[in-house]
Amino acid sequence: MLNSVHLSNQELEMLKLMVDFLAEKPELCGKLEACTTTHYALTKTYSENFDMYEADAWKVFEELEKKIKEAEYVHVEAPSPIRKWFQVSPEEINMLRVIADYFSPQSKMAPASGFVGNRLESAIETYKWVFGTSEGNGEAARESFQNLIEKTQKAVSFRCETLAALVTTPNPYKAVLDMLQIAAEKLKLDAGIHEMLKRPMRTIILNIPVIMDDGNLRVFTGYRVQYNDSLGPTKGGIRYHPELTLDEVTALSAWMTWKTAVAGLPLGGGKGGIRCNPKEMSLGELEKMTRGYTRALARYIGPYTDVPAPDVYTDSQTMAWIMDEYSQIVGYNAFGVVTGKPVCLGGSLGRNEATSRGLMYTVIEAAKHKGVDLKKATVAVQGYGNVGYHAARLLDELGCKVVAVSDSKGGVYRKEGLDPKKAMQHKNETGSVVGYKNCTIVSNSELLELDCEILVPAALENQVTKANAGRIRAKIVAEGANGPVTPEADEILYQKGIFTIPDILANSGGVIVSYFEQVQNAMNYYWSEEEVRNKLQSTIVTAFKDVLAIAEEYKVNMRVAAYMKALKRVSDAMLVRTQKPFMTVARQQANLALKVKAMAM
Ligand code: NAD
């Protein structure tokens, strides 16, 4: 399967500068004559144009070069009013490689004398020499080069599709099963219950046709997985992501089951999502797709059966569309069908920041336990969306120093600390935190390995794996995201003495306040923000203390302890609902019957 990788704004600007060189634009050309090497000229020009340290500009080039080298396909988005993606031809991709190589410190393709005389002609010669197209006088190559220059100069976004990252992505559902196994053994869980908990109760796969703005029809695949409802209606977010898989949704739905159980809520776990790229869709297209998803799911969701909420790349607007569509189907205002709604539509005060506020309460408890002084603590946050931003802001308000933040396009670091609100303002204005003033650029993997007291991974799964766990230097890892640390990495962190607050505890503030939202919707009576915060604090601190007590009693890490607490609640409910110790007893009875039969023969 191919993975999509976007060029960051910086990378795109740098590529434009490189292409301008072939188009004989003066900015870079003048510098090139005066500088000793092409890569020095490029980074110097870029750092001057974009007010950035040369070393950072060099990092931008390295990332860009890597993406170009690994690209199997490249797509370029044309500016308004066209605003459409075009595929770059294989010849043009090779030409991109020629250009990237020319600016590399270890150029392998460019002739020893560099691009002398007419630069475009030199590049064509290099292309012919490296890729072996020697027909004619290079007219076709010249035309392709010119097309590439034109497309790149106008491009508003640039996307590469690559096979590269696939090898390293562990399957999150496997992580669920591995953790279940570990906790089940510690708990001596009933074998039948264990068998049932390895699979979801119900999986729904939907195909949603949408007429796009250009008049074409596209069919989007969506999922809803209801993992377990022994403790109450299933509950969990809806994720829009281009690489979403059923295994990922299943894993997330299992984590929701454990999360509601750890927090002591009367709810089960579910999750859903649509495989789509919301960044490439208009608001109208997103609304049509969301309403289509709701219509297809309507018979399976509801305030007493399954209650969705926002997750990655969905928000209160998405929830308002679902609530509205569902209400039209059932014929009344069914506020309770989703949570995370806008406050004017039955949303709870405090829901927007609830996940991060809950995370902050758990960090306070962890810091007390580990003897970390939060007034002197440094914090790095990976992922600057809803969870990451509010976590950075709240920890900053608590007195911690936020030294690094990142998003999908990269990260920024400032030893003296940065202002989380201003970093967000920069992201809102430019599309990324990268480029936020007075900061050094760090990659997402570098951010994880920074020397800091508190690390908050708040982006996606599998960020800390056995490959980089040994290099993590934080004292406390508070998992804002779901599944950011793999089970193997978890053990490495534990052995290093790093205190991990597992996702199913650290980020449970979101579902706790979602539950409060359901309660308020059912009563049609709404609480003040202070009341919500107080109830959240007492619920999550109780859960933290319960889990820590199990960790200490059984001498296990916090994740295993949290799973043990969750599994005990879920299995107790399952056992009591069946009135007898389930499969184990059934199997014992069957074995006995076989023995009796054998004796009688
Ligand atoms: P969001 O869409 O608001 O933000 C996601 C952020 O992650 C964005 O800044 C995006 O740029 C960044 N990102 C995406 N890919 C990245 C990558 N490869 N490296 C670094 N950054 C990357 O989503 P959110 O609601 O903040 O959710 C983030 C995580 O928290 C998810 O794992 C989600 O399941 C989990 N979570 C969310 C909530 C909630 O209430 N929103 C509750 C519990 C758990």
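In each ligand, atom 1 is the first atom listed, and ligand 1 is the first ligand listed.
Counted within 6.0 Å of NZ on K66, heavy atoms from surrounding residues, nucleotides or ligands total 12 or fewer; the atom is thus considered open. Residue E397 qualifies as enclosed at atom CD: its count of foreign heavy atoms under 6.0 Å is above 12. Within a 6.0 Å sphere centred on NZ of K437, other residues, nucleotides and ligands contribute 12 heavy atoms or fewer.
Annotation: ligand 1 has protein neighbours R239, K259, D311, V312, Y313, R351, T355, G383, Y384, G385, N386, V387, D407, S408, K427, N444, A458, A459, L460, G480, A481, N482, N507, each with a heavy atom less than 4.0 angstrom from the ligand.
Sorted by first and then second residue, the salt bridge (Lys or Arg N to Asp or Glu O under 4.0 Å) pairs with a member in residues 500-520 read K341-E517, D503-R559; sequence neighbours excluded.
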Less than 3.5 Å apart, which donor and acceptor atoms pair up between the side chains of residues 541-548 and the rest of the protein, not counting sequence neighbours?
unit_1, atom_1, unit_2, atom_2, d
T542, OG1, S538, O, 2.6
D546, OD2, K565, NZ, 3.1

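Scanning for salt bridge (Lys or Arg N to Asp or Glu O under 4.0 Å) contacts around D306 gives R224, with sequence neighbours left out.
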